[in-house]
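Structure record follows, encoded as structure tokens.
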Amino acid sequence: MNLVQLPFTLHKHRSRKFQRQYQQTLDRWTPHVFQRWLATLFLLALFMIRIVLSQGLTYGLAIYLLNLLLAFLQPKFDPSLQDDLLADEIEEGGDQSVPVLPSQRDDEFRPFVRRLPEWQFWLSATRATLVSLFCTVSEVFDVPVYWPILVVYFVHMIKYKYIPFDIGRKARYGGSK
């Protein structure tokens, strides 16, 4: 074996061994759903205690976890979205052989398939919490928030009519009246 390739071969061997051990550990945890989520909730509680004690402010993890939760709750295939896409295609002069309105619905059982499976939800949430805990320990990741930038961003959102909350405004379709 070449002396130059020896360190790379050792690194590759150790990396494969670590990946195998990591996968074996994940495989052992797979059937224990309740215990997995309890461990993740414990990590989240530890993270929150760390934030409170350091008198910090964090919202990145919360936004990411909310994104994961929404992906977990949504179906992988949304039939209403598919119907809308089909109607848009026909309106644009697409395939006319497909009827606009279905004459009858399939009464066949269609199981609810999540866009994000429970396992991936747990794994992503746990990894994100561990990374966030690591980031709170180091001063390198303690980035100060300059509030005028947030105000400019909020004004930008209003300018382009993206308002993340509803104040009783009615949505209008088909132009302004």
Side-chain angles (χ1 to χ4, degrees), residues 1-78 80-81 85 112-169 171:
M1 177 162 287
N2 190 350
L3 290 177
V4 174
Q5 292 178 344
L6 186 61
F8 296 113
T9 306
L10 287 175
H11 175 70
K12 186 192 273 186
H13 176 71
R14 288 180 183 158
S15 174
R16 285 185 181 166
K17 182 179 178 184
F18 175 75
Q19 287 175 348
R20 236 183 353 261
Q21 289 174 340
Y22 177 70
Q23 190 60 47
Q24 285 175 348
T25 304
L26 289 179
D27 290 343
R28 274 189 261 124
W29 289 351
T30 301
H32 308 289
V33 177
F34 184 72
Q35 290 84 354
R36 283 190 283 125
W37 281 105
L38 273 180
T40 301
L41 288 175
F42 174 76
L43 287 173
L44 278 170
L46 195 64
F47 176 75
M48 289 182 203
I49 290 170
R50 171 75 181 126
I51 294 301
V52 168
L53 292 179
S54 67
Q55 297 178 351
L57 178 66
T58 180
Y59 50 88
L61 179 63
I63 291 171
Y64 182 70
L65 291 177
L66 180 62
N67 184 25
L68 288 176
L69 178 66
L70 290 175
F72 175 71
L73 295 176
Q74 292 175 350
K76 187 172 187 175
F77 305 107
D78 190 3
S80 64
L81 180 63
L85 290 174
F112 182 76
V113 179
R114 297 184 186 280
R115 195 171 79 173
L116 181 69
E118 183 271 336
W119 170 258
Q120 284 301 116
F121 179 32
W122 172 79
L123 190 60
S124 299
T126 305
R127 285 178 180 167
T129 306
L130 286 171
V131 168
S132 299
L133 267 170
F134 171 74
C135 290
T136 60
V137 173
S138 176
E139 291 290 324
V140 173
F141 300 106
D142 189 13
V143 180
V145 177
Y146 188 57
W147 67 268
I149 292 176
L150 293 177
V151 171
V152 168
Y153 180 67
F154 188 70
V155 169
H156 176 78
M157 286 173 39
I158 292 174
K159 178 182 174 186
Y160 289 100
K161 297 181 178 22
Y162 175 74
I163 301 174
F165 44 84
D166 184 17
I167 311 177
R169 179 177 69 116

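Bear in mind that the values here come from a model prediction, so they are computed numbers and not experimental data.
- Residues Leu65 and Leu44 are in side-chain contact: their nearest non-hydrogen atoms beyond the backbone lie under 4.5 Å apart.
- Annotation: salt bridge (charged side-chain N to carboxylate O under 4.0 Å, His left out) contacts involving residues 6-35, sequence neighbours excluded, are absent.
- Between Ser124 and Tyr64, the closest side-chain pair of non-hydrogen atoms falls below 4.5 Å.
- Taking 4.5 Å as the limit, some side-chain heavy atom of Leu53 sits within range of a side-chain heavy atom of Ile49.
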- [ ] Take Leu69 and Leu116 through the side-chain contact (heavy atoms from CB on, under 4.5 Å) test and state the conclusion after the steps.
- [x] CA-CA 9 Å; Leu69 178 66; Leu116 181 69; over 6 Å; no

Task: Trp119 and Val33: CA distance, side-chain angles, deciding distance, side-chain contact (heavy atoms from CB on, under 4.5 Å) verdict - done: CA-CA 9 Å; Trp119 170 258; Val33 177; over 6 Å; no

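- Under the rule for a side-chain contact (heavy atoms from CB on, under 4.5 Å), the partners of Ser138 that lie at least two apart in sequence or sit in another chain are Val140, Phe141.
- Residues in residues 36-53 take part in these side chain to side chain donor-acceptor pair (under 3.5 Å) pairs, two or more places apart or across chains: Arg36-Glu118, Trp37-Glu118, Thr40-Trp122, Thr40-Thr126.
- Expressed to the nearest 0.5 Å, how far OG1 of Thr129 lies from CG of Leu61 amounts to 5.0 Å.
- Residues meeting the side-chain contact (heavy atoms from CB on, under 4.5 Å) test with Phe18, sequence neighbours left out: none.
- Every residue was checked against the side-chain contact (heavy atoms from CB on, under 4.5 Å) condition with Ala39, not counting sequence neighbours, and none meets it.
- In this structure a side-chain-to-backbone donor-acceptor pair under 3.5 Å is present from Ser132 to Ala128.
- Qualifying side-chain contact (heavy atoms from CB on, under 4.5 Å) partners for Ile51, counting only residues two or more places apart in sequence or in other chains: Phe47, Thr58, Thr136.
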